[in-house]
Amino acid sequence: MPELPEVETTVRGIRPHLVDNTVKHVVVRHKQLRWPIPALTLQRLLPTQTILNVSRRAKYILIETSAGTLVIHLGMSGTLCLVDAKTPVKKHDHFDCHLTDDLILRYNDPRRFGAILWAGHDLDSLAVLNHLGPEPLSKAFHADYLLSKAHKRQTSIKQLIMDGKIVVGVGNIYASESLFLAKIHPLMSAKLLNKTQAKVLCETIRQVLRAAIKKGGTTLKDFVQSDGKPGYFSQQLTVYDRQGLPCVQCKTPIEHIQLGQRATYFCPTCQKYP
DNA sequence: CGTAGCGCCTGCCGGC
DNA sequence: TGCCGGCAGGCGCTAC
């Protein structure tokens with residue numbers, strides 16, 4: 001389940017192999033992802049293009065050429081990896097971008113919640129990239145910002161930090177993790193957030209994401225793999241999926257609730273309901 | 001305007 | 001053993 005750290009790790013892994021490389025052609029095997037892959041557009045515009053940069057906005061991977069930008073979202077189960085040209089096609093390998101040197105950028109996605117889109121020259125012309133909140137690891141995401149957004153909201157603090165218009169890239173797992181570290185109950189009303197908590201929460205969100213990115217960098221050794229397996233790093237999680245297990249701080253059993261259709265984990269002792 | 005709920009899709013797990 | 005229901009999850013869309 002790629003969250004922001006996995007996406008960032010993917011970007012860092014594929015970037016050195018893609019930049020200055022040239023697209024030969026693209027193959028679309030199953031175009032029905034979250035939205036249809038614009039196969040004709042990609043086949044018309046991508047061949048002969050040199051890749052200028054590979055970057056990330058929220059959980060979208062941006063592969064930039066002078067003709068426009070290929071935008072890839074991994075959804076729930078997507079992976080991107082580099083394989084050599086003779087690597088056999090496996091189930092759910094929906095998209096290939098053939099590069100020079102017999103290298104293929106291959107997209108695999110069993111659940112097809114992901115997306116492959118084309119942005120043209122104007123990135124903002126893509127609706128999915130509009131109205132996104134700040135990057136959690138950027139200066140724009142700070143306590144006063146979060147506080148200003150939280151004040152007028154009815155929703156819970158967990159749902160607030162998972163709202164992409166408030167801040168991008170905080171998925172279900174890292175929401176529970178950062179709230180635990182901040183000692184904030186996930187059901188707390190967002191508008192009760194005080195300045196101290198806002199500071200701590202901004203910091204713990206950054207902390208869990210940075211730690212996971214760092215771990216990804218060391219665990220995920222090679223994106224050019226013969227078996228094409230992406231090798232996502234195993235998470236080290238303190239509350240997520242630890243229902244009934246002792247809290248790492250106080251040994252109280254971790255609780256599990258549903259919040260807005262999402263599994264939510266917390267320690268009832270460390271995270272007091274206000 | 002904010003908020004809640006839905007649905008896309010497949011793999012996996014537990015129950016029968 | 002095999003079948004099947006339920007669940008997981010990011011995130012845009014619709015309805016209120």
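Every chain is numbered from 1 and lettered A, B, ... according to where its sequence line falls, protein lines coming before strand lines.
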Exercise for review: Indicate whether any N or O donor in one side chain lies under 3.5 Å from an N or O acceptor in the other, for A/N108 and A/K91.
Suggested key: no
Study note, to complete from the structure: Stems in DNA chain C, runs of 3 or more consecutive Watson-Crick or G-U wobble pairs with both distances under 3.5 Å, sorted by first number, are B:2-16 with C:2-16
Point to revise | Salt-bridge criterion met for A/K86 and A/D102 (N-O under 4.0 Å) | key: no
Check your understanding: Does some side-chain heavy atom of A/I213 sit less than 4.5 Å from a side-chain heavy atom of A/R12?
Key -> yes
Check your understanding: Can you tell me how far C1' of B/dG2 sits from NZ of A/K191, to the nearest Å?
Key -> 12 Å
Review point. With a 4.5 Å limit on heavy-atom distance, are the side chains of A/K59 and A/V168 in contact?
Key: no
Point to revise | Nearest-angstrom distance from the residue atom CG of A/D93 to P of B/dT10 | key: 15 Å
Practice item. Give a yes/no answer on whether the side chain of A/R111 brings an N or O atom under 4.0 Å of OP1 or OP2 in B/dC12. Key: no
Review point. Would you say A/Y60 reaches C/dG12's phosphate, i.e. side-chain N/O to OP1/OP2 under 4.0 Å?
Key: yes
Point to revise | Length of the CG-P vector between A/L132 and C/dG12, whole Å | key: 7 Å
Review point. Is any side-chain N or O of A/H92 closer than 4.0 Å to OP1 or OP2 of B/dG11?
Key: yes
Point to revise | A/W35 side chain reached by A/V128 side chain, heavy atoms, under 4.5 Å | key: yes
Review point. So, is A/Q159 near the phosphate of B/dT3, with a side-chain N or O under 4.0 Å from OP1 or OP2?
Key: no
Point to revise | Whole-Å gap separating C1' (C/dC11) and NE2 (A/H131) | key: 14 Å
Review point. Is A/H73 near enough to C/dC11 that one of its side-chain N or O atoms lies under 4.0 angstrom from OP1 or OP2?
Key: yes
Point to revise | Nucleic acid contacts - residues 146-155 of chain A versus DNA chain B, non-hydrogen atoms under 4.0 Å | key: A/R153, A/Q154, A/T155
Review point. Parallel under 30°, tilted from 30 to 60°, perpendicular over 60°: which one fits the rings of A/H256 and A/Y265?
Key: tilted
**Study point:** Pair A/Q154, A/S189: side-chain N/O donor-acceptor within cut-off below 3.5 Å
**Key:** no
Review point. So what does A/R34 hit on the nucleic acid, given a heavy-atom distance under 4.0 Å: a base, only sugar-phosphate, or nothing?
Key: base
**Study point:** Exercise: do A/S178 and A/Q207 side chains pair donor with acceptor under 3.5 Å
**Key:** no
Check your understanding: Which whole-number value in Å describes the distance from A/D241 CG to C/dC7 C1'?
Key -> 12 Å
Exercise for review: Establish, with yes or no, whether the OP1 or OP2 oxygen of C/dC11 is under 4.0 angstrom from a side-chain nitrogen or oxygen of A/K165.
Suggested key: no
Check your understanding: When we call it a touch if two heavy atoms are under 4.0 Å apart, what does A/A127 touch: a base, just sugar-phosphate, or nothing?
Key -> nothing
Check your understanding: So do A/V248 and A/R242 actually touch side chain to side chain, heavy atoms under 4.5 Å?
Key -> yes
Exercise for review: Rounded off to whole Å, could you give me the CD-to-P distance for the A/Q261 and C/dG6 pair?
Suggested key: 15 Å
Study note, to complete from the structure: Between CE of A/M162 and C1' of B/dA4 the distance, given in whole Å, is 14 Å
Exercise for review: Evaluate the side-chain proximity of A/L126 to A/T69: yes if any heavy-atom separation is below 4.5 Å, no if none is.
Suggested key: no
